[in-house]
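Below: the structure, in C-alpha cells.
Letters A, B, ... are given to chains in the order of the sequence lines, protein chains preceding strands, and every chain is numbered from 1.
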Protein chains: 2
Amino acid sequence: MANLKDVAALAGISITTVSRVLNNRGYISKETRKKVYDAMKKLNYSPNEVARSLFRQHTNMIGVIVPSISNPFYGKLAEAIETHAAAKGFKVMLCNSFHETEKEIEYIKMLEGNKVDGVIIGSRSTNLVEYMGTGLPFVTIDRILSDSIPCVSSDNYQGGVLATQFLIEKGCKNLAFIGGSRKLNMMANKRNEAFMTICKDAGVKCMSLETGEEELSAMDYVACIERLFRENPKVDGVFASSDLIAAQTIQTAVKSGRKVPQDIRVIGYDDIIVARMTTPSITTIRQPINEMGRYAVDIILDEAKGEIVPKTTVLPVRLIVREST
Amino acid sequence: MANLKDVAALAGISITTVSRVLNNRGYISKETRKKVYDAMKKLNYSPNEVARSLFRQHTNMIGVIVPSISNPFYGKLAEAIETHAAAKGFKVMLCNSFHETEKEIEYIKMLEGNKVDGVIIGSRSTNLVEYMGTGLPFVTIDRILSDSIPCVSSDNYQGGVLATQFLIEKGCKNLAFIGGSRKLNMMANKRNEAFMTICKDAGVKCMSLETGEEELSAMDYVACIERLFRENPKVDGVFASSDLIAAQTIQTAVKSGRKVPQDIRVIGYDDIIVARMTTPSITTIRQPINEMGRYAVDIILDEAKGEIVPKTTVLPVRLIVREST
DNA sequence: AAATATATAGTAAACGGTTGACATATAAAA
DNA sequence: TTTTATATGTCAACCGTTTACTATATATTT
C-alpha cells in the first residue's frame, strides 16, 4: 500500500506539501494540487487512518454495545446509529453482549483500548459504572446507569398510557400486562406503572406478568403466556411490552381457541417489522427508534467535544393501530 | 489516559520491560510482572490499540457491509460474524449500504483507509470489483462477484428442491414462486431454478414472480402478492424466497378469504425470527446463518494470513416444518 | 523600493507502542 | 571457574501522518 512518501516522490514534491493538500492547510497552487491528486490516483492512495488517529488523538469511531443485534429492536437501533454516524463521518464498532455482564465489561475495555470517541450502550447490566473509566463518553438507551451518564429513551409512561387507554376504550374489562424483569433499572418499567395507574383509575381489573432473563435471551415467552391464560382465562386484553411478546401472545391465544381481536385484544410495543408481518398485524406503540439513534449519536459526539449535554432525552411515542385490537 | 511511560514510571522499571510483560516476550521475574500489573491496574491502563495497529500493520478488525442490519436475515448474519470474530480477538466495523452502490464503494474505501484486515460483503451491487483494490481480502455471502473472491453460501438449489417437493407432497397442484430480482448474480436464484425443475418433473403447474429493488428495500411485497392472487386465483401453494415474503403472503391470503394452510400452503426461506412469530407459524428452509457467519470469518482471516482458501463454501440447509403448510 | 501575500521545501518532533541490538548483573549448572 | 540461563536496562529505529518552525522564492500591493 502506498503512503504519503510514495505520493510525494511520484508528484516530485515534499511530504509536507502533500499533507497540506490532504488537509487543506496553507498555500497550495493549482498545479501542485493537481500533481498530488494525480499521484494519489495513480497509486490508489488513501490516507492511513490508523496513523491519523494516533496523531490526532481521536478515531472518529464509536462503539455500540447491544444485547443482540438479531433482536429486531436492536437491529433497527444499530442501523439508525450507524447511518447517522456515517453521515457525520463516524464509524461504528458493533458489540453483542448477550446480556452477559462479563462480555460487556470486556467490550468496554476493548473499546477503551481502541480509543473510540464514545460508546452507546443499549444494554441491561448493572454495575457497569465502575468499569467505565474516566475519560470515555457514554450514552445509554432506555436505561439510567448513573447520574452522570446521559440517557436517551422514548416516553415509556406515555406509551403505557396510550396502550392501556386504547384497550379500555375498545371495551376490555380484564387486562394483563406482560413485560420484562422490573429489577433492571429500565425506563420500560414505566409502561407497567402507567398500565396499573390507568387501570386503577378506570376501575378495570388488571394484572401484570414479569418475565425473566431466559425468556428475553431466547425470545421465547410462550410458556409464560400459556400459564397466564391458564390461570386467568377471562383476560380479554393484553398489553405486551414488546412486539415479540405480542406476536407470541397472538399465537398462544389462537392456539387456545381464542380469536384475536374478537375474544382478546393484543397491543404490542416498539413497532418493529414483526408487528407488520403477523396475521392479524399488531397494534403497537411506536418508539421513534431512528430518532433515538440519532440523538444518541449527536449526544455522544457533543460529549466527546466536551460540550454540555442533556442528562435525559425523552422522545415521543405514537399509537399505531392495526388489526390485533 | 495513562500510557506505557506512566506505567513504567509507577512500577519503577523501564518502558521496554513493561512492553515485554504485555507481549510475553523475553525473561520476566514474577515480582516485576506483579509490579507491572499493579501499576496497570492503578492507572487503569489499557494499551493503545491504535498505536499497536500502526506498528504491527494490522488492526484485528474486519469490515462487514450489509444492505440493512434491520433486515432480520442480515441482523442474524452480522451477529454471527461479530460473535465469532470476537471469540478470535477480532473487532467488527458495521456498514449499512441500503443497496446503494455508491455507499458500498465509499465504505470499501473507508475500510481500506482504516486498514481493516478484511471485508465481508453481504451485499448485492455489481461492479464493485474494480473498487476492491489490490491487497484487501474480501469474502462475499451468497453472491459471486468475481472469480478471485471467495463466496460463502448455503445450498440454495437443495433448498429449492426441499421446499418444492414438500409443497408437492402436501398435494399442491398450482405453485408459485416469489423471489428477488434474477438480474443480480445471487446464489439465491438457484432456488427458482430448482423450483422450476422439480415442478416440471412432477408435472405440476408453476409460475414464478420476480420482485424489484423497491420491494426489497421497503420489505413490502404486499402489492406484488395481491397481483399474483388476482391474476392467478387458483394458486394453492407458494414458495417464498424469504420469510418476510412468506409472512406477507399469509397476510394477503387471509385478507382475501383464503385459509392457510387449508386453501393455500406457504413455505418461506431463511428461518429468521419472524417465521416463528406469525400465526400460523411459517414452514421454512433454514439457512445455517451462524455457520455461514463463522465460515466467512474463518475464510477472511485465513486469507489475511495469506493462506489458500476455498473459492466457494456451500453449507447444507434444512426443512423446518411449522403450521403454514 | 519596500512591504505583504502566496507558494513551496526541509527538518524534526510528536502520537504510543514494539522490537532488535547490545550491555550488564545475578544465579544456577557444567 | 567457566558457561549458561535468567532478568532487566538503554538506545534507536520504525509504523504513517501531522504540524510547528524556518527558509526561500515569486508575485502583488503599497
Side-chain angles (χ1 to χ4, degrees), chain A residues 1-37 39-40 43-61 109-117 133 135-136, chain B residues 1-37 39-40 43-61 109-117 133 135-136:
Chain A
M1 272 283 93
N3 60 19
L4 259 197
K5 214 195 279 181
D6 303 324
V7 176
L10 184 61
I13 52 179
S14 81
I15 224 182
T16 311
T17 306
V18 179
S19 179
R20 279 206 190 107
V21 353
L22 248 84
N23 296 284
N24 267 317
R25 286 168 26 90
Y27 301 113
I28 307 284
S29 68
K30 265 171 205 154
E31 303 98 61
T32 306
R33 200 177 291 272
K34 194 181 170 329
K35 274 195 287 179
V36 171
Y37 284 132
M40 278 173 27
L43 293 171
N44 190 27
Y45 170 79
S46 68
N48 185 327
E49 295 294 336
V50 177
R52 281 182 158 181
S53 293
L54 179 59
F55 183 86
R56 301 212 240 250
Q57 298 288 77
H58 62 255
T59 51
N60 277 21
M61 183 143 74
K109 280 187 187 158
M110 183 275 278
L111 293 168
E112 235 169 4
N114 281 274
K115 305 297 164 190
V116 296
D117 297 339
L136 192 52
Chain B
M1 274 280 94
N3 59 19
L4 257 197
K5 214 194 277 180
D6 303 324
V7 175
L10 183 62
I13 53 179
S14 79
I15 243 184
T16 308
T17 307
V18 179
S19 179
R20 278 202 190 111
V21 351
L22 248 85
N23 296 285
N24 266 317
R25 290 167 22 92
Y27 299 113
I28 306 283
S29 68
K30 267 173 203 151
E31 305 97 61
T32 305
R33 203 178 288 272
K34 195 181 169 327
K35 274 195 287 180
V36 171
Y37 283 133
M40 276 172 29
L43 293 171
N44 189 30
Y45 171 79
S46 68
N48 184 328
E49 294 294 336
V50 177
R52 280 183 157 180
S53 293
L54 179 59
F55 182 86
R56 299 211 239 250
Q57 298 288 77
H58 61 256
T59 51
N60 277 20
M61 182 143 74
K109 280 188 186 158
M110 184 274 280
L111 293 167
E112 234 170 5
N114 281 273
K115 306 295 163 191
V116 296
D117 297 338
L136 192 54

Stretch residues 110-117 of chain B: residues that reach within less than 4.0 Å of DNA chain D through a heavy atom: none
Net bend of the helix from dA1(C)-dT30(D) to dA30(C)-dT1(D), end axes of five pairs each, nearest 10 degrees: 40°
Residues that Arg52(B) engages under side-chain hydrogen bond (donor to acceptor under 3.5 Å, both in side chains), provided they are two or more places apart: Glu49(B)
OP1 or OP2 of dA7(D) under 4.0 Å from side-chain N/O of Tyr27(B): no
Side-chain donor-acceptor pair present, Thr16(A), Ser19(A), cut-off under 3.5 Å: no
side-chain N/O Arg25(A) vs dT19(D) OP1/OP2, d < 4.0 Å: yes
Min side-chain heavy-atom separation Leu10(A)-Leu43(A) under 4.5 Å: yes
Spacing of Asn24(A) atom CG relative to dT18(D) atom C1', expressed in whole Å: 14 Å
Measure all distances between protein nitrogen or oxygen atoms and nitrogen or oxygen atoms of nucleotides 14-17 of chain D, and list the pairs falling under 3.5 Å.
unit_1	atom_1	unit_2	atom_2	d
dC15(D)	O3'	Gln57(B)	OE1	3.4
dC15(D)	O3'	Gln57(B)	NE2	3.4
dC15(D)	O2	Phe55(B)	N	3.4
dG16(D)	OP1	Gln57(B)	NE2	3.1
dT17(D)	OP1	Tyr45(A)	OH	2.5
dT17(D)	OP1	Asn48(A)	N	3.0
dT17(D)	OP2	Leu4(A)	N	2.5

Sub-3.5 Å pairs of nitrogen or oxygen atoms, protein against nucleotides 26-30 of chain D:
none

Those residues that, when tested against Ser46(A), pass side-chain hydrogen bond (donor to acceptor under 3.5 Å, both in side chains) (two or more places apart): none
From CA spacing to verdict: side-chain contact (heavy atoms from CB on, under 4.5 Å), Leu136(B), Val116(B): CA-CA 8 Å; Leu136(B) 192 54; Val116(B) 296; 4.1 Å; yes
Spacing of Thr59(A) atom OG1 and Leu54(A) atom CG [to the nearest 0.5 Å]: 11.5 Å
Any side-chain heavy-atom pair of Met61(A) and Asp117(A) under 4.5 Å: no
Atom pair OG (Ser53(B)) and NE2 (His58(B)), whose distance is rounded to the nearest 0.5 Å: 7.0 Å
Polar side chain donor-acceptor pair, Thr17(A) to Ser14(A), under 3.5 angstrom: yes
Distance in Å, Thr32(B) OG1 paired with Tyr37(B) OH, rounded so as to fall on 0.5 Å steps: 12.0 Å
Test item: Gln57(B) and Lys115(B) side chains (from C-beta on) under 4.5 Å apart, heavy atoms: no
Presence of Thr16(B) side-chain N/O under 4.0 Å of dG9(D) phosphate oxygens OP1/OP2: no
Heavy-atom closest pair, residues Arg33(B) and Val21(B): NH1-O, 4.4 Å
Pairwise distance CD1(Ile13(A)) to NZ(Lys35(A)) - rounded to 0.5 angstrom: 6.0 Å
Separation of dC15(C) C1' from His58(A) NE2 (nearest whole Å): 13 Å
Spacing between Asp6(B) atom CG and dC15(C) atom P, to the nearest angstrom: 11 Å
N or O in side chain of Ser29(A) less than 4.0 angstrom from dA7(C) OP1/OP2: no
Value in whole Å for how far the P atom of dG9(D) lies from CD1 of Ile13(B): 6 Å
